Amino acid sequence: MKIIRKVNHTYLYKVKILLVFGLCLFLMSCGEESFLDRREMYSIDNLDARVKIILDWEEYFGEIPSGMSLYTYNKKQGTRVEISNSVRSREILRKEGKYSLLVYNLTPGEFGSLEFHDMNNIDSAYVQLTPIQQYKNKKGWDEGVVYQREPESLGVVRDEIEITQEMVASTYMQRYKNFYAGIERDTAVYEFFESPKRVGIPLEVRVRVLGINNMRSVIGSIDQFANGWYLGQGHATSGEGVHLLDNFKVELDSPNSKDGWIVANISTFGLPWEKQTAEERDSTSNRLSLYFTLRNGEPIIFTYNVGDLLHYVEVENRGIEVTGEVTLELLLVISPDTSNRVVSPSLPDVTGGDSDTNASGFTAEVDDWEDGGSVDVGL
């Protein structure tokens with residue numbers, strides 16, 4: 001947090017003297033009865049400082065939102081909310097004291113994937129992912145499963161700011177000067193600079209597939225991912241949900257190759273709180289399910305316990321390195337090279353249906369499947 005003082009301030013006791021002098025002149029001009037009515041109103045404890053919150057959205061969030069919500073929390077003053085379409089800065093009036101500051105893009109009603117809860121308490125305020133509504137579960141594979149949506153773009157800053165008695169006095173000294181100068185609007189004397197950070201952890205799933213030329217389509221899911229995020233605490237909730245993987249792309253080893261990779265990328269809140277580090281998980285902590293439709297229309301299912309294969313990674317210069325940080329990207333690789341206990345999906349040769357050479361005819365949509373093979377990979 002950085003504070004810039006926009007005017008040259010005198011020592012606090014001089015400001016107080018001028019403030020009291022000016023207020024006394026004003027109140028005495030109102031008459032004895034009016035003075036008695038107003039003297040408590042103009043106690044410095046009842047006055048506000050005007051400060052400006054300046055936000056740099058590009059530094060970490062990477063985009064300029066169309067609106068924002070600004071919260072301040074103080075035990076004595078309670079919770080106050082400012083909503084604005086001017087996202088570069090916001091002037092606020094607050095009394096002397098220490099405040100928790102929370103800012104995020106847009107307003108709760110503008111998010112379709114997020115529900116906001118306990119927003120009157122900075123320590124318990126959190127968002128929870130909403131369920132996917134327009135999805136038809138597949139008979140025999142994911143019947144009864146409710147998938148959670150991917151989180152939309154969310155930028156958050158949480159900070160502690162302090163409104164001092166000097167800020168209050170300076171605000172009213174400026175107001176006093178503006179009154180005699182004929183200036184109608186006050187301007188902020190102090191500025192706080194903040195940079196919201198993007199909330200959301202990308203997950204990349206890479207699966208080595210043998211006989212990929214026999215595949216018409218594939219869809220998948222991965223369970224036990226965080227279903228929410230604590231805005232004030234800055235970490236995932238402990239609640240869990242299931243993510244749908246329906247955007248796989250194919251990467252062939254070479255043109256017309258029979259083998260290759262399927263790759264899916266989604267946005268998540270990462271792994272649940274207290275299951276984020278590798279030491280807190282085992283293989284059963286997360287389960288990956290893959291539902292393939294072969295070219296002849298037959299389905300085949302593979303399932304994997306992958307809790308110990310999920311790693312946070314740092315991507316630099318197209319290279320990937322495992323990291324201990326839990327706010328970067330997540331990577332899951334299913335390949336014989338990743339673990340001696342992993343068996344990559346191997347699709348059988350089939351006849352009929354799509355052309356044998358049409359491996360690129362892959363789509364992310366899956367037809368209603370009939371009775372077919374299911375392979376549960378024991379890990």
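If you're wondering where the values come from, they're calculated on a predicted model, not measured in any experiment. We use all heavy atoms of the structure for the numbers below, so side chains are in, but hydrogens, waters and symmetry mates are not.
- Between the side chains of D282 and T284, at least one donor N or O sits under 3.5 Å from an acceptor N or O.
- Using a 4.0 Å cut-off between a side-chain N of Lys or Arg and a carboxylate O of Asp or Glu, K138 and E143 do not qualify as a salt bridge.
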Please step through side chain to side chain donor-acceptor pair (under 3.5 Å) for the pair Q174 and T171, ending with a clear verdict. CA-CA 5 Å; Q174 185 191 68; T171 296; over 6 Å; no
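- For Y71 and Y104, the ring centers sit closer than 6.0 Å to each other.
- Under the side-chain hydrogen bond (donor to acceptor under 3.5 Å, both in side chains) criterion, Q276 pairs with no residue at all, not counting sequence neighbours.
- Proximity of the aromatic rings of Y99 and Y73 is defined here by a centroid distance below 6.0 angstrom, and this criterion is not met.
- Annotation: salt bridge (Lys or Arg N to Asp or Glu O under 4.0 Å) contacts of R281 (sequence neighbours excluded): none.
- Counting only heavy atoms from C-beta outward, the side chains of L290 and T303 never approach each other to under 4.5 Å.
- The salt bridge (charged side-chain N to carboxylate O under 4.0 Å, His left out) analysis of residues 223-242, with sequence neighbours excluded, yields the pairs E240-K275.
- Inter-residue side-chain proximity for F192 and V51 is flagged as met; some heavy-atom pair is nearer than 4.5 Å.
- Side-chain contact check for I53 versus E194: some heavy-atom pair is nearer than 4.5 Å.
- Atom-to-atom distance recorded for S100:OG and N121:CG is 9.5 Å, nearest 0.5 angstrom.
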Please assess R206 against E204 for the test salt bridge (Lys or Arg N to Asp or Glu O under 4.0 Å), listing each intermediate value before the final yes or no. CA-CA 6 Å; R206 301 183 63 88; E204 180 172 310; 3.3 Å; yes
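- Proximity of a side-chain donor or acceptor of T79 to a complementary backbone N or O of N120 within less than 3.5 Å is detected.
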CA sep, side-chain torsions, deciding dist, call: F302, F292, ring pair (Phe, Tyr, Trp, His ring centres under 6.0 Å): CA-CA 8 Å; F302 296 83; F292 291 87; 5.7 Å; yes
Could you walk me through whether E160 and K98 pass salt bridge (Lys or Arg N to Asp or Glu O under 4.0 Å), step by step? CA-CA 7 Å; E160 303 294 327; K98 294 182 178 180; over 6 Å; no
Stepwise side chain to side chain contact (heavy atoms under 4.5 Å, CB included) check, V146 with Y135: CA-CA 9 Å; V146 177; Y135 172 77; over 6 Å; no
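- The closest side-chain heavy-atom distance from L294 to L347 is below 4.5 Å.
- Applying the ring-ring contact (aromatic ring centres under 6.0 Å, His included) test to pairs two or more places apart or on separate chains, none has a residue in residues 75-95.
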Under the side chain to side chain donor-acceptor pair (under 3.5 Å) rule, what do N227 and T237 come out as? Steps first, then yes or no, please. CA-CA 7 Å; N227 67 356; T237 61; 2.9 Å; yes
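- In this structure, CG in D259 is found 5.0 Å from CG in L210, a value given to the nearest 0.5 Å.
- Residues that satisfy the side-chain hydrogen bond (donor to acceptor under 3.5 Å, both in side chains) test with N265, not counting sequence neighbours, are absent from this structure.
- Residues V263 and V205 have side chains not in contact (no heavy-atom distance under 4.5 Å, counting atoms from C-beta outward).
- Once rounded to the nearest 0.5 Å, the distance linking OH of Y291 with OG of S217 reads 7.0 Å.
- Using a distance-only test at 3.5 Å, with no hydrogens or angles considered, a donor-acceptor pair links the side chain of R80 to the main chain of L93.
- For the pair V242 and Q148, the minimum side-chain heavy-atom distance is 4.5 Å or more.
- The two residues S267 and G200 have their closest heavy-atom pair at OG-CA, 4.5 Å.
- Listed by first and then second residue, the salt bridge (charged side-chain N to carboxylate O under 4.0 Å, His left out) pairs involving residues 106-120 amount to none (not counting sequence neighbours).
- Atom CG of L102 sits about 4.5 Å away from atom CD1 of I122, to the nearest 0.5 Å.
- Inspection of the D142 and Y147 side chains reveals an N or O donor paired with an N or O acceptor under 3.5 Å.
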Return all side-chain donor-acceptor pairs below 3.5 angstrom for residues 57-70, not counting sequence neighbours, or 'none' if the list is empty.
unit_1: W57; atom_1: NE1; unit_2: V87; atom_2: O; d: 2.8
unit_1: E58; atom_1: OE1; unit_2: R88; atom_2: NH1; d: 3.1
unit_1: E58; atom_1: OE2; unit_2: R88; atom_2: NH1; d: 3.0
unit_1: E58; atom_1: OE2; unit_2: R88; atom_2: NH2; d: 3.2
unit_1: E59; atom_1: OE1; unit_2: S195; atom_2: OG; d: 2.7
unit_1: E63; atom_1: OE2; unit_2: S153; atom_2: OG; d: 3.2
unit_1: E63; atom_1: OE2; unit_2: R198; atom_2: NH2; d: 2.9
unit_1: S69; atom_1: OG; unit_2: L106; atom_2: O; d: 2.7

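- Q224 pairs with exactly one of N286, L310, L271 by the side chain to side chain contact (heavy atoms under 4.5 Å, CB included) rule, that one being N286.
- Remark: T72 engages R94 in a side-chain hydrogen bond (donor to acceptor under 3.5 Å, both in side chains) (not counting sequence neighbours).
- In this structure, S221 has no side-chain hydrogen bond (donor to acceptor under 3.5 Å, both in side chains) partners at least two apart in sequence or on a different chain.
- Grouped by direct or indirect side-chain proximity (heavy atoms under 4.5 Å, Ile/Leu/Val/Met/Phe/Trp/Tyr only), Y126 sits with Y230.
- In this view, R208 and D253 satisfy the salt bridge (Lys or Arg N to Asp or Glu O under 4.0 Å) rule, not counting sequence neighbours.
- Residues satisfying the salt bridge (Lys or Arg N to Asp or Glu O under 4.0 Å) criterion with E150, sequence neighbours excluded, are absent altogether.
- Interatomic distance, L309 CG to I334 CD1, rounded to the nearest 0.5 Å: 5.5 Å.
- L154 has its side chain out of reach of E152: every pair of non-hydrogen atoms, C-beta onward, lies at least 4.5 Å apart.
- Taken from CG in N213 to NZ in K258, the straight-line distance is 6.0 Å, to the nearest 0.5 Å.
- Remark: side-chain polar atoms of T268 are not paired, donor with acceptor, to backbone N or O of L203 under 3.5 angstrom.
- Looking at heavy atoms from C-beta onward, L288 lies in side-chain contact with L332 at the 4.5 angstrom threshold.
- Put simply, the side chain of E298 never gets that close to the backbone of V350: no donor and acceptor are under 3.5 Å apart.
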